[in-house]
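Heads up: the structure comes next, in structure tokens.
Reminder, nothing fancy here: chain letters follow the sequence lines and each chain counts from 1. Just so it is clear, the structure is predicted and the values come from calculations on it, not from any experiment.
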Number of protein chains: 2
Amino acid sequence: MNDPKIRNMEEFATASGISRPTVSKYFNDPQSVRESTRQRIEAALEQYDYRPNIYAINQNRRLTKNIGIVVPYLADPFFAEIARNIENLIIASGFRTILLSSHGDPKQEMDNLDLLRSIKPAGVLLAPLGRASDPAAVKAFCDDVPTVLFDCNISDLGEAFIGHNNVQATEQICEYLCRTGEPPVFFEMRTPPNPNAYRRRNAYCEVMEKLGYPTQLIQVDGEGWNFEEIGYVEGKRVISQRLLTTNTVLCSNDRLAIGFLTAAYETGQRVGRGEDCALRVAGHDNHPYSRFTCPPLTTISHDYVLIAEKSVETLLSFIESGERAQSRETTLFDGKLMMRSSA
Amino acid sequence: MNDPKIRNMEEFATASGISRPTVSKYFNDPQSVRESTRQRIEAALEQYDYRPNIYAINQNRRLTKNIGIVVPYLADPFFAEIARNIENLIIASGFRTILLSSHGDPKQEMDNLDLLRSIKPAGVLLAPLGRASDPAAVKAFCDDVPTVLFDCNISDLGEAFIGHNNVQATEQICEYLCRTGEPPVFFEMRTPPNPNAYRRRNAYCEVMEKLGYPTQLIQVDGEGWNFEEIGYVEGKRVISQRLLTTNTVLCSNDRLAIGFLTAAYETGQRVGRGEDCALRVAGHDNHPYSRFTCPPLTTISHDYVLIAEKSVETLLSFIESGERAQSRETTLFDGKLMMRSSA
DNA sequence: TATTTATCTTTACGCGCGTAAATTTTTAAT
DNA sequence: ATTAAAAATTTACGCGCGTAAAGATAAATA
């Protein structure tokens, strides 16, 4: 390691006693050279501190080994966790990762895609903002770069979509709530940024009708991604104005529910299944913090790991085949009821 | 935009009627060329869809325009928020950003630094893991790359450190708690991953002594970064075993406090300042979720924006001067008491 | 051992751009 | 209008690597 500094592959090749093209071949795929030469190269690697210049590599390769990951809002631990799982899988497959957050801002989302374009990535895993996304711009990007959408679907964009089954999940928790108490009202944003919310709303209406219960949609104002704040402020209003027609509230997602729980607490409404409780509250997503609300939140979990695995696997297969999708596949994973004490 | 595709700067220069070296100069700094030529280039930019190849640029520049950001645990919204602020400031300064999380894992931290090395960044903003970090390896990195540490200090590493004033913050909340009720016990991990915790512990002991109150350290087991879980599990144990010598608990950080609040809720201990409350609980950090706990958490806030600004400003000044620090400056920002209803 | 096949070496070119030096053109100052 | 200064052009080289082609060498097969 204290030998004279190696400045480039030429010098390293000389130092290892192998020709540069063969060394280059080795770095592209160590398995592609003969066992004996691989050992000589690796011996030299231990002796000299050399690594190929990424910029020179990527300049000459038609396809880089970079994969972009774009999430709508990284400050949400839900997305941070999915991103972490995806990153690990991609790196394990010998690719590099660039993680970008759109911070809930459509302009930032476009900037992210622009940045990725200039990186010439092999592929991109994109969880779009949803309603706020610019479909034409996203489509243009997907046409240029193999892109797999996850978490949030925009119809017909990307090679494939991997997400959760909002209908099944909503049905399951609605059935549970109806079976064990009063039928739930549905607490949501009037104009949610994420299309999953619309699917959940529709699923709620359908399953309630199927079960023969009345529906009540409580659609509150508020824009952006500060869901806890919206759930808190509007929850307080809804409770104090006695707008709830039953004692059971199904929130469109856990972050709204977290805020709603705070509102319930502050207005003195005890939440839970017990006799002494005034409200039952349930959420949707199994947010990392849902275990630590007061009371812990009953919700529907989604398997981060499965979504991450399927997304990565799908993208890598497109990358490796070099082909584009003939038909756009959609994969939805079922949710699992997480029974805790809030409902 | 529908003109023939431009493949490189040569073609773009021809198309815009300007020589390539001048175009190159423009892309390095648009202000460095004459007004009239800038307009001609920008007119061409509107007409043709061209952007310089990043890899070719970075290969030839001695210094890239990349700045690395490394945080210990991105799934913690606290770090996600700081990172977001830092990113915006850096991008506004014309640099690029690479955001990496160590996921609480020392090996990952080293991998991140290795990755950054290969990117040849102009500089790095590093919030190290702390206790688990490999000081020698981090030092070696800091010797190679201008690095500014933030949030978590490792003595003598990096060009500078920007963080919060744990002593002032702890003193302030201790004084508040003592003034308004029983003196606090200090709830923390026995072996916290982050050195800020040690400073808070020491500050707690000192200020309590100064105020003439007894100290009680409740040091719980648990490793890693699942602070809520640790606060919850150990909080339950501490409460049920009646280990608290006063009714007031100061948690070493908000995430522990979030778990502790859940423990208090589940064990039926009402938390707050009222007559009917059994416990007061306070935290430290003003975590994004601390407003939405039940009850909302009294804590000490740190100004993300200030820390982000100072960190970026410091790093950029080193990058622009091209010099390294003669003496390592430490900047600490004071915390502000966030009085909520938990204490 | 001879032959086939896989692997390596040599040679050479190109990727897209930074950048330096010498020269010409444009602009600003006198 | 003259001169000096600023900016642009032309020319040329190099960065570190991918990669292709042709020939040489080693390994595997018969």
Side-chain angles (χ1 to χ4, degrees), chain A residues 4-45 48-66 94 96 117-122 322, chain B residues 4-45 48-66 94-96 117-120 122 322:
Chain A
K5 274 255 171 179
I6 300 286
R7 323 194 74 241
N8 54 37
M9 196 180 279
E10 192 73 55
E11 292 186 12
F12 177 76
T14 309
S16 60
I18 307 285
S19 73
R20 189 179 70 74
T22 303
V23 170
S24 169
K25 204 151 172 276
Y26 167 85
F27 280 111
N28 278 326
D29 178 10
Q31 303 302 322
S32 69
V33 301
R34 198 189 298 150
E35 171 67 25
S36 57
T37 50
R38 190 188 328 154
Q39 284 174 355
R40 287 171 69 189
I41 292 174
E42 280 165 3
L45 270 179
Y48 303 96
D49 179 27
Y50 166 75
R51 66 187 67 195
N53 180 310
I54 302 185
Y55 300 114
I57 291 176
N58 285 334
Q59 177 175 17
N60 296 309
R61 251 208 262 272
R62 47 178 66 172
L63 207 64
T64 69
K65 283 280 195 175
N66 297 328
R96 289 163 166 277
R117 233 193 264 267
S118 72
I119 296 286
K120 301 187 194 303
Chain B
K5 275 255 168 178
I6 300 286
R7 324 194 74 241
N8 54 38
M9 195 180 280
E10 192 74 54
E11 292 186 12
F12 177 74
T14 308
S16 61
I18 308 285
S19 73
R20 190 179 67 74
T22 302
V23 170
S24 169
K25 203 149 171 277
Y26 167 85
F27 279 111
N28 279 327
D29 177 10
Q31 303 302 323
S32 68
V33 302
R34 198 188 298 150
E35 172 68 23
S36 56
T37 50
R38 192 187 327 152
Q39 284 173 355
R40 288 171 67 189
I41 292 174
E42 280 164 3
L45 270 179
Y48 303 96
D49 178 27
Y50 166 75
R51 64 189 68 195
N53 179 309
I54 302 184
Y55 300 114
I57 291 175
N58 285 334
Q59 176 174 19
N60 296 310
R61 251 208 261 274
R62 47 176 68 170
L63 208 63
T64 69
K65 283 279 196 176
N66 297 327
F95 287 80
R96 288 163 168 277
R117 231 192 265 267
S118 71
I119 296 286
K120 301 187 192 306

If we ignore hydrogens and angles and just use 3.5 Å, is the side chain of [X] paired with the main-chain N or O of [Y] as donor and acceptor?
{"X": "B/S24", "Y": "B/R20", "result": "no"}
{"X": "B/Y55", "Y": "A/I119", "result": "yes"}
{"X": "B/K25", "Y": "B/S32", "result": "yes"}

In whole angstrom, give the distance that lies between atom [atom1] of [X] and atom [atom2] of [N].
{"X": "B/Q31", "N": "D/dA8", "atom1": "CD", "atom2": "P", "result": "12 Å"}
{"X": "A/E10", "N": "C/dA12", "atom1": "CD", "atom2": "P", "result": "13 Å"}
{"X": "B/E35", "N": "C/dA28", "atom1": "CD", "atom2": "C1'", "result": "16 Å"}
{"X": "A/R40", "N": "C/dT9", "atom1": "CZ", "atom2": "C1'", "result": "12 Å"}
{"X": "B/K25", "N": "C/dA21", "atom1": "NZ", "atom2": "C1'", "result": "15 Å"}
{"X": "A/F27", "N": "D/dG16", "atom1": "CZ", "atom2": "P", "result": "15 Å"}
{"X": "B/N53", "N": "D/dG18", "atom1": "CG", "atom2": "P", "result": "15 Å"}
{"X": "A/R20", "N": "C/dT7", "atom1": "CZ", "atom2": "P", "result": "20 Å"}

Using a cut-off of 4.0 Å on non-hydrogen atoms, how would the nucleic acid contact of [X] be classed: base, sugar-phosphate, or nothing?
{"X": "B/F12", "answer": "nothing"}
{"X": "B/N58", "answer": "nothing"}
{"X": "A/Y50", "answer": "sugar-phosphate"}
{"X": "B/T37", "answer": "sugar-phosphate"}

Of the candidate nucleotides [options], which contains the atom at the shortest distance from the side chain of [X]?
{"X": "B/N28", "options": "D/dT9, D/dT19, C/dT19", "answer": "C/dT19"}
{"X": "B/R61", "options": "D/dT10, C/dC8, C/dG18", "answer": "C/dG18"}
{"X": "A/A56", "options": "C/dC17, D/dG16, D/dG18", "answer": "D/dG16"}
{"X": "A/Q59", "options": "D/dA20, D/dC17, C/dG16", "answer": "C/dG16"}
{"X": "A/P21", "options": "C/dT10, C/dG18, D/dA8", "answer": "C/dT10"}
{"X": "A/P52", "options": "C/dC17, D/dC17, D/dA8", "answer": "D/dC17"}
{"X": "B/S19", "options": "C/dT9, C/dG16, D/dT10", "answer": "D/dT10"}

For B/V33 against B/R38, the heavy-atom pair lying closest together: O-NH2, 3.7 Å
Check: B/N60 side chain, D/dG14 base, donor-acceptor under 3.5 Å: yes
Side-chain heavy atoms of A/N58 within contact of A/N66, under 4.5 Å: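 Yes, at least one pair of side-chain atoms sits under 4.5 Å.
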Distance test, side-chain N/O of A/T22 to OP1/OP2 of C/dC8, below 4.0 Å: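 No, no such contact exists.
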Phosphate contact (C/dG18 OP1 or OP2) by B/S24 side-chain N/O below 4.0 Å: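 Answer yes for this pair, as a side-chain N or O of B/S24 is under 4.0 Å from OP1 or OP2.
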Along DNA chain C (nearest heavy atom to each residue), the more 5'-positioned of B/R34 and B/I57: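 First, find each residue's nearest nucleotide; the 5'-ward one identifies B/I57.
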Donor on one side chain, acceptor on other, B/E11 and B/Y50, under 3.5 Å: no
